[in-house]
Amino acid sequence: MNKAGLHHNYLTNDSGWKAWLLTTDHKRIGVLYMGSILVFFLLGAAAAAIIRVELLTPEGDFVRTDTYNKLFTLHGVAMVWFFLIPSIPAVLGNFLIPMMIGARDVAFPRLNLASWYIYVLGGLFTIGTLLAGGVDTGWTFYTPYSSQFSNTYVVSTVCGVFIVGFSSIFTGLNFIVTIHTLRAPGLTWFRLPLFIWAHYATSIILVLATPVLAITLALLAVERLLKIGIFDPALGGDPLLFQHLFWFYSHPAVYIMILPGMGVVSEIVSCFARKRVFGYRSMAFALLAIAIVGFLVWGHHMFVAGQSLYAGVVFSLLSFLVAIPSAIKVFNWTATFYKGSISFDAPLLFALGFIGLFTVGGLTGLYLATLAVDVHLHDTYFVVAHFHYIMVGGMVMAFLGGLHFWWPKITGRLYPEAWGRLAAIVIFLGFNLTFFPQYLLGYFGMPRRYHTYPPEFQGLHVLSSIGAAALAAGFLLPMVYLFWSLRHGALAGPNPWNAKGLEWQTASPPPEDNFEAVPVVTEEAYAYQPEEADGV
Amino acid sequence: MVSEREPALAYQFDDANQQREAATLGMWIFLATEVMFFGALFLGFSVYRAAYAEAFAEASRHTDLLLGSFNTVVLLTSSLTMALAVHAAQTGRQKSLFTLLLLTMLLGVVFLGIKGMEYYEEYVKRLVPVLNFTYPGNHPQQAELYFYLYFAMTGLHALHIFVGISVLAVIAFLAWRRRFSPAYYTPVELTGLYWHFVDIVWVFLFPLLYLIGGR
Amino acid sequence: MHQPVAAKIYYRVWMVLLLLLAVTIGSAFFQLGALGVALNLAIAAAKALLITLFFMHLRYSKRLNWLAAGAGFFWLIILFSLTLSDYLTRGWLFAPW
């Protein structure tokens with residue numbers, strides 16, 4: 001049965017295993033990634049579920065300590081490298097970037113397919129490690145525990161991450177060249193959708209930070225196998241060198257995770273407020289500023305690790321600075337709503353969730369950037385709450401918002417709007433119930449990565465676990481109704497949201513080479529007129 | 001008879017110029033990633049060099065300055081032949097192109113051969129960490145760190161040379177089949193960019209590893 | 001694509017590279033200490049610049065390629081300077097905790 005509609009499109013033009021597994025069509029590659037990252041999301045979510053069940057009681061009575069360590073490590077590794085980092089760029093970026101710039105494909109389509117295969121190979125290493133017994137070092141693999149003392153499968157895990165890093169690098173490389181060289185006639189830099197700017201900034205980080213991670217993990221693996229002492233104080237090494245190299249990548253990595261989400265939010269906000277994004281140029285420059293300044297702050301993860309106090313002061317100051325462009329973006333999204341014509345469809349609900357929760361998460365980042373305060377909050381649940389507000393409250397909501405917004409374009413079907421709104425609300429409420437108590441837990445002194453705790457913390461942990469159950473239910477909803485819509489959803493036309501942007505000027509789902517004729521761009525991005533009605 | 005075949009224009013590009021510019025930009029970005037890749041090792045080396053200046057200086061004097069210097073000349077010359085090969089492609093001199101590509105490969109192989117000789121020498125002198133490290137001087141632990149980084153950095157570099165030689169073999173084969181012309185020689189140019197980059201890495205490796213302690 | 005560079009430029013660059021190599025090796029025989037390190041790094045940078053500009057044709061390339069080349073180098077500077085800012089100042093101030 002035809003996937004959608006009656007016209008020839010990228011889903012139907014060629015069928016069978018080979019047509020998908022050997023495709024060089026950026027749209028099909030985006031769909032391949034969508035399936036793969038779902039697998040790792042479920043894996044990471046399963047680990048989180050077990051963690052939250054364990055934390056219902058103060059004693060470590062649901063899982064052994066060893067197992068608990070392996071669970072939070074799996075959760076971190078799967079969610080960071082196999083879900084969050086690829087998510088928007090590999091799924092939505094791959095699908096939309098060529099379309100948004102009026103191109104037929106990315107600059108290097110075969111490299112694009114190779115990126116997906118490399119991702120799958122890295123993923124298989126990780127799953128294999130899990131089946132063999134897991135790893136218990138935490139996703140940060142700190143030495144000397146990981147290099148000298150852990151009895152788990154460290155080397156095979158870092159192999160998997162090393163491999164998937166190259167998937168990231170090649171994707172970033174592809175995006176940069178595509179955006180520079182394949183823009184349609186008339187599409188100057190300052191007419192580009194902010195989604196493109198966001199992915200450009202993300203790609204800069206992808207290509208410059210990930211190679212450092214690769215070498216760091218290689219050094220760790222060699223150290224673990226050969227024990228030469230590069231991170232071993234007894235042999236003249238410095239464990240902190242690992243942390244410097246690791247966080248040089250991993251801090252910019254969090255910007256890899258959030259910048260694409262910011263791009264998505266700009267697209268959604270302008271469409272559902274029927275208004276151009278306020279302060280377009282400052283939004284574009286803010287994206288670049290976050291990407292660049294984000295490289296200068298990594299030492300804030302090491303304030304109490306033995307780093308020089310002088311360096312700590314410098315990193316603290318730089319960390320305050322990186323908050324500024326983020327704040328500019330939040331102000332500008334807010335200003336975009338002013339005198340807009342707002343309709344609260346599901347994508348906008350997710351985007352609003354992003355704006356609020358990202359703000360909370362970002363502000364708590366300032367607490368942590370304050371050196372003296374971090375002495376007390378480091379390694380507590382305050383940190384855990386901070387980054388989950390940004391990663392889940394921010395990034396995952398943006399991903400879901402984008403998925404809903406572009407679902408009609410990708411599949412040619414409309415999802416059931418009422419269910420979409422319900423999911424957004426359940427996720428928002430469940431999320432806050434899960435993670436707000438964790439700020440309090442951290443403030444009161446609950447350390448992270450512990451599965452036993454003093455009884456006075458139980459109340460907050462129970463609230464958090466109940467919230468997690470609600471959050472899980474919220475995440476399940478889209479998995480069900482989006483899948484349902486593939487067969488039973490109403491057919492979407494080319495532009496069900498009446499949105500601006502080149503991707504909406506072609507059929508849903510798009511034909512294989514995207515456009516009937518190369519579009520010529522003559523207007524600014526987001527050229528919405530306030531009096532236009534939305535809807536089909 | 002030289003054939004002036006245009007490359008097939010990939011469907012995502014509008015014209016050959018766009019395709020070539022995209023390929024070149026792609027290679028420069030890839031080289032930027034390689035800078036960060038090697039750079040992380042250089043950082044590790046710099047940190048320990050700063051901490052253990054005396055031990056590192058002493059350890060570096062156990063490297064073979066003669067072979068290292070000769071190898072540097074070999075690699076710099078291979079960069080010359082590579083640049084001349086690209087020039088030959090640009091000017092349509094097919095025989096020169098093929099010869100110069102082979103010459104570049106040969107010099108690369110010579111480099112690897114000499115590096116192998118050095119490694120063997122270091123093995124005989126019992127300077128290989130984990131394998132047989134028995135250090136005659138002061139600070140053996142710190143010296144072992146030096147040699148670990150020495151083998152790691154030159155080993156990674158040698159791997160890149162090996163990859164370069166393999167790519168050159170393919171390009172040389174294509175050149176022999178008259179695949180390139182002044183209208184189309186992008187793969188030769190891109191191979192050249194990669195080869196020159198690997199040369200630049202050695203240009204920094206050589207003084208840091210062989211010369212820092214003075215002789 | 002730019003016009004072919006005259007072959008003699010490549011030969012000249014090669015000879016300058018060999019000359020710089022001779023200087024850098026020679027300098028190792030004088031106990032120059034920290035100055036020697038700085039000198040060797042400066043010479044290496046000069047050689048790298050010559051190879052980049054002439055052999056890699058960056059001199060005749062679009063500005064975008066300059067940006068890509070420069071970005072790699074610039075980011076390496078960030079990695080080095082901020083990390084060394086820790087290592088070189090560890091003894092300066094002591095944390096109260």
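Proteins come first, then strands; the chains are lettered A, B, ... in the order of their sequence lines, and each starts at number 1. Below, all heavy atoms of this structure are taken into account, side chains as well, without hydrogens, waters or symmetry copies.
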> Looking at B/Ser69, B/Ser79, B/Ser46, which one has more heavy-atom pairs under 4.5 Å with chain C than the rest?
Replying inline: B/Ser79
>> Out of C/Phe30, C/Phe73, C/Trp75, return the one with the most heavy atom pairs under 4.5 angstrom to chain B.
In response: C/Trp75
> Between C/Ala69, C/Gly70, C/Ala44, C/Ala71, which residue shows the highest count of heavy-atom pairs closer than 4.5 Å to chain B?
Replying inline: C/Ala44
> Could you state the interatomic distance from CG (C/Leu50) to CG (B/Leu76), rounded to the nearest 0.5 Å?
Replying inline: 10.5 Å
> Rounded to the nearest 0.5 Å, how far apart are OG1 of B/Thr24 and CG of C/Leu64?
Replying inline: 10.5 Å
> Do C/Phe29 and B/Leu65 have side-chain heavy atoms sitting under 4.5 Å apart?
Replying inline: yes
>> Less than 4.5 Å to any heavy atom of chain C: does that hold for the side chain of B/Glu21, its backbone, both, or neither?
In response: side chain
>> Checking C/Val37 against B/Leu208 for the side-chain contact (heavy atoms from CB on, under 4.5 Å) test, could you report, in this order, the C-alpha distance in whole Å, the side-chain angles of both residues, the deciding distance, and whether it holds?
In response: CA-CA 8 Å; C/Val37 175; B/Leu208 283 177; 5.7 Å; no
> Does any heavy atom of chain C fall under 4.5 Å from the side chain of B/Arg49, the backbone, both, or neither of them?
Replying inline: side chain
>> Less than 4.5 Å apart, side chain to side chain, heavy atoms only: is that true for B/Met82 and C/Phe55?
In response: no
> Got a second to check how far B/His87's NE2 is from C/His57's NE2, nearest 0.5 Å?
Replying inline: 8.0 Å
>> Using side-chain heavy atoms (C-beta onward) and a distance below 4.5 Å, is C/Ile43 in contact with B/Val203?
In response: no
>> Does B/Glu54, at its CD atom, have more than 12 non-hydrogen atoms belonging to other residues, nucleotides or ligands within less than 6.0 Å?
In response: no
> Who wins among B/Val35, B/Ile200, B/Leu80, B/Thr72 for the most heavy-atom pairs under 4.5 Å with chain C?
Replying inline: B/Leu80
>> Nearest 0.5 Å, please: how far is CG in B/Leu31 from CG in C/Asn65?
In response: 10.0 Å
> Measuring heavy-atom distances to chain B, does C/Leu84 have an atom under 4.5 Å in its side chain, in its backbone, in both, or in neither?
Replying inline: side chain
> By a 4.5 Å heavy-atom criterion (distance strictly below it), what part of B/Tyr210 contacts chain C: side chain, backbone, both, or neither?
Replying inline: neither
> Of the listed residues (C/Leu17, C/Val13, C/Leu21, C/Asp86), which shares the most heavy-atom pairs with chain B below a 4.5 Å separation?
Replying inline: C/Leu21
> Just how far is it from atom CZ of B/Phe42 to atom CG of C/Leu79, taken to the nearest 0.5 Å?
Replying inline: 12.0 Å
> Where does C/Thr24 contact chain B at under 4.5 Å (heavy atoms): side chain, backbone, both or neither?
Replying inline: both
>> Counting only heavy atoms not in B/Tyr119 (residues, nucleotides, ligands), do more than 12 fall under 6.0 Å from its OH?
In response: yes
> Around C/Phe80, counting heavy atoms of other residues, nucleotides and ligands shown, do more than 12 lie under 6.0 Å from its CZ?
Replying inline: yes
> Can you name the ring-ring contact (aromatic ring centres under 6.0 Å, His included) partners of B/Phe38, sequence neighbours left out?
Replying inline: B/His160
> Of the listed residues (C/Asn40, C/Ile25, C/Leu32, C/Leu20), which shares the most heavy-atom pairs with chain B below a 4.5 Å separation?
Replying inline: C/Ile25
> For the atom pair CZ (C/Phe54) and NE2 (B/His196), what is the distance rounded to the nearest 0.5 Å?
Replying inline: 13.0 Å
> Where does C/Ala7 contact chain B at under 4.5 Å (heavy atoms): side chain, backbone, both or neither?
Replying inline: both
> Among B/Thr77, B/Thr33, B/Val201, which has the most heavy-atom pairs under 4.5 Å with chain C?
Replying inline: B/Thr77
> B/Trp28 and C/Ala68: which non-hydrogen atoms are nearest, and at how many Å?
Replying inline: CB-CB, 3.9 Å
